[in-house]
> 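Quick one: the structure is below, and I'll ask about it shortly.
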Amino acid sequence: MNTHRIAAAARAAATALATTLVASLAVPAAAVAGPVSPTALKGKTILFVIGQPVKGVANDDLLIKEYLESRGASVVLADVATPAVQAQGKDLVMISSTVKARELGDRYRNVTQPVVTWNAYTFADMDMTGKELHRDFTVIREKAFHNANHAAYYAYAISGTKPILKAAGMAHGIFAPFTFSAGETDPSWGKPSLGGDISVIFEGSVDKAAVFSYEKGSVMAHNVVAPARRVGLFLGDNSFSVLTDATGPAAQDPKSREWFAGRRLFDAALRWAVSTPDEAPRRMDLSQAQSELSKQMRGKKVLYVRRFDMPWPENEASDQAHLAWLRGLGAEVTAVDQMEPDTHANGKDLVLISASINKYKLGNKYAETTVPTVMMEAKAVDQMHMVGRHRNTDYGTNDHKASLYPPEDYVQILRPSHPLSAGFPAGNLKLYKSPGVLAWSVVPPGAEVIAGIPNQPQHGTMFSYEKGAVMANDHIAPARRILFPMDATRFPDLTDEGRWLYGNALVWAMQKPADAGATVADATRR
């Protein structure tokens, strides 16, 4: 059957159904987490930047407008001649793939309204990705080898803990965003920075994000801070009309609902974009922070896993200083050797794994514990399923030895809105008093990267997994997990700010996931 005729028929059917899709696409309340409402688009005003129709080329822009109006939004059309000032007073700016990006340029780069774009060339102009075509972003063209096209219309949802996937009520796994050949829809992908969230990827590659986003205030490409929420989508000129959707009996079947999720994902991305941004935790002065930290840690049962037969005095001194600090906060700390069984974690509130351990003696202990765990031994993150398995490729350290990277004392805060940022703004933070060993990881997209390393844009150094998040190799986090980059000798060398960042991480780890955001840094809000 001719695919052009199929696509045309699908567009006609979609037009007829536009006003009836509202109820069928509304995500059940149980599937929606956080502040994203199923009716978030109702009453919103959207500036929709579109291109001129081209004879003989299918274009879904007006169909998208009709659909959004059926959701209760007011849509104002604009083109490449419309000044960016027209975004003022709007709730959302959308940029279609039909726009000539060379003429639009970076016009909407600095607007303080949320922006959703499926024009791949604008990803670069808006600093949502790097600038290089086919490396940082691309438009997927139809390939001569038919089977190669399938890679572009099957996609993988990363982790149900990601904000847009939470809004869509989607778990992780494969789904089919398009019904027909990708060559007719020309989808796109981008490669966001570590400050972004990847929700969906093509071809199983984390470098090919089909859906990605930035929270307001997060660090995008080229160290640009997002002025408002930003979303990059995979759509092409005529993708919307052939997005999959589970309706009728299929909507009641969880497997069908997960598979046919393209339209629901589009809807969720827009609803997330127009919702209220996450509020950054309030930054405390350090004396207030110490008082709050003591209040939160008092009486907590902490397991401290270390090496007892320590041959290096500086490692021993760091562990002892660390233990004394924890006990000084009022925590009930039990220290155990790396060779002891991980059943010691039972009944504890928190597990801390010191960098004084030897990964080959620790083995895979604590990987499956349901107790929140903070890992400090950067060489053991693979055993905890927090990164991939290739040392010096997936993870490594800045150090004085054969590392490609020099010793370091600074980190770069990438997500100031995340509770783990402890209220520190985006930018460089002096973590240690002097340069030394600092862990780096190529962080899987199921994680949240809180801090990177200056001048190492591919490497995260402090990151976390929410309980239930998808970790490396599709492992599901049994509880909250954090990698805090503190080598075996480094606890005494923490700056006051560094110790506060670390203490705040301990409190966040112990909070229940439903209480995300309730950390030391914002305890005074409660």
Side-chain angles (χ1 to χ4, degrees), residues 279-306 316-336 344-356 369 371-376 411 413 416-425 429-433 450-451 462 464 466-467 479-526:
E279 181 183 353
R282 184 175 64 83
R283 184 175 178 180
M284 295 181 181
D285 64 68
L286 293 176
S287 60
Q288 184 185 16
Q290 178 68 20
S291 172
E292 286 293 335
L293 184 56
S294 296
K295 187 187 302 182
Q296 296 289 329
M297 292 296 295
R298 191 175 300 122
K300 297 299 184 184
K301 296 179 180 179
V302 178
L303 182 69
Y304 190 91
V305 184
R306 53 164 299 208
E316 179 67 26
S318 181
D319 268 348
Q320 292 301 332
H322 198 161
L323 287 164
W325 178 75
L326 290 166
R327 288 167 176 149
L329 293 173
E332 298 177 11
V333 185
T334 302
V336 299
H344 282 292
N346 295 345
K348 299 296 190 294
D349 298 303
L350 181 67
V351 174
L352 304 179
I353 301 179
S354 168
S356 67
T369 182
V371 178
T373 300
V374 179
M375 168 64 75
M376 284 157 277
V411 298
I413 301 296
S417 63
H418 196 287
L420 279 170
S421 73
F424 291 110
L429 173 72
K430 190 173 176 65
L431 190 65
Y432 293 105
K433 298 170 188 175
I450 310 305
M462 178 185 176
S464 66
E466 184 56 271
K467 178 181 179 181
R480 285 182 167 177
R481 296 287 190 261
I482 300 174
L483 186 282
F484 192 90
M486 187 154 61
D487 200 57
T489 65
R490 298 280 260 168
F491 182 81
D493 200 39
L494 282 168
T495 62
D496 289 341
E497 291 80 7
R499 193 165 295 192
W500 168 224
L501 187 69
Y502 173 62
N504 185 69
L506 304 187
V507 176
W508 181 85
M510 291 185 289
Q511 295 286 349
K512 294 180 180 179
D515 297 330
T519 67
V520 179
D522 61 357
T524 55
R525 279 199 224 138
R526 297 195 299 274

> Indicate the atoms forming the closest heavy-atom contact of Ala505 with Ile482, along with that distance.
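That would be O-CD1, 3.4 Å.
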
> How would you list all residue pairs meeting salt bridge (Lys or Arg N to Asp or Glu O under 4.0 Å) that involve residues 319-329, not counting sequence neighbours?
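Qualifying pairs, neighbours excluded: Arg306-Asp319.
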
> Hey, are Glu292 and Gln288 close enough side-chain-wise for a donor-acceptor pair under 3.5 Å?
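Judged by distance alone, the side chains do not pair up.
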
> Inspect the contact between Glu466 and Arg480 and indicate whether a charged nitrogen and a carboxylate oxygen are less than 4.0 angstrom apart.
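Result for this pair is yes, salt bridge flagged.
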
> Are the side chain of Asp349 and the backbone N or O of Val302 linked by a donor-acceptor pair below 3.5 Å?
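No, the answer is negative, given that no donor and acceptor are paired below the 3.5 Å cut-off.
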
> Determine the minimum heavy-atom distance between Ser417 and Pro281, stating which atoms define it.
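Closest heavy-atom pair between Ser417 and Pro281: O-CD, 3.8 Å.
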
> For Ala321, give me all partners under side-chain contact (heavy atoms from CB on, under 4.5 Å), at least two apart in sequence or on another chain.
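With sequence neighbours excluded, Ala321 shows a side-chain contact (heavy atoms from CB on, under 4.5 Å) to Phe491, Pro492, given in chain and number order.
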
> Within the 4.5 Å heavy-atom criterion, are Arg490 and Leu431 side-chain neighbours or not?
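They are not in contact (no side-chain heavy atoms under 4.5 Å apart), so the answer is no.
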
> Between Leu303 and Val371, is there a side-chain heavy-atom distance shorter than 4.5 Å?
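No, side chains not in contact.
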
> Can you list the residues that meet the side-chain contact (heavy atoms from CB on, under 4.5 Å) rule with Ala451, with sequence neighbours excluded?
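Counting only residues at least two positions away or on another chain, Ala451 forms a side-chain contact (heavy atoms from CB on, under 4.5 Å) with Val411, Ile413, Thr461, Met462.
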
> Heavy atoms only: give me the nearest Ile450-Ser464 pair and the separation to one decimal.
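Where Ile450 meets Ser464 most closely, the heavy atoms are CD1-OG, 4.5 Å.
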
> Salt bridge between Arg499 and Asp496, side-chain N to carboxylate O under 4.0 Å?
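So Arg499 does not pair with Asp496 through a salt bridge.
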
> Out of curiosity, Leu506 CG to Gln296 CD, how far, rounded to the nearest 0.5 Å?
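Answer rounded to 0.5 Å: 11.5 Å.
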
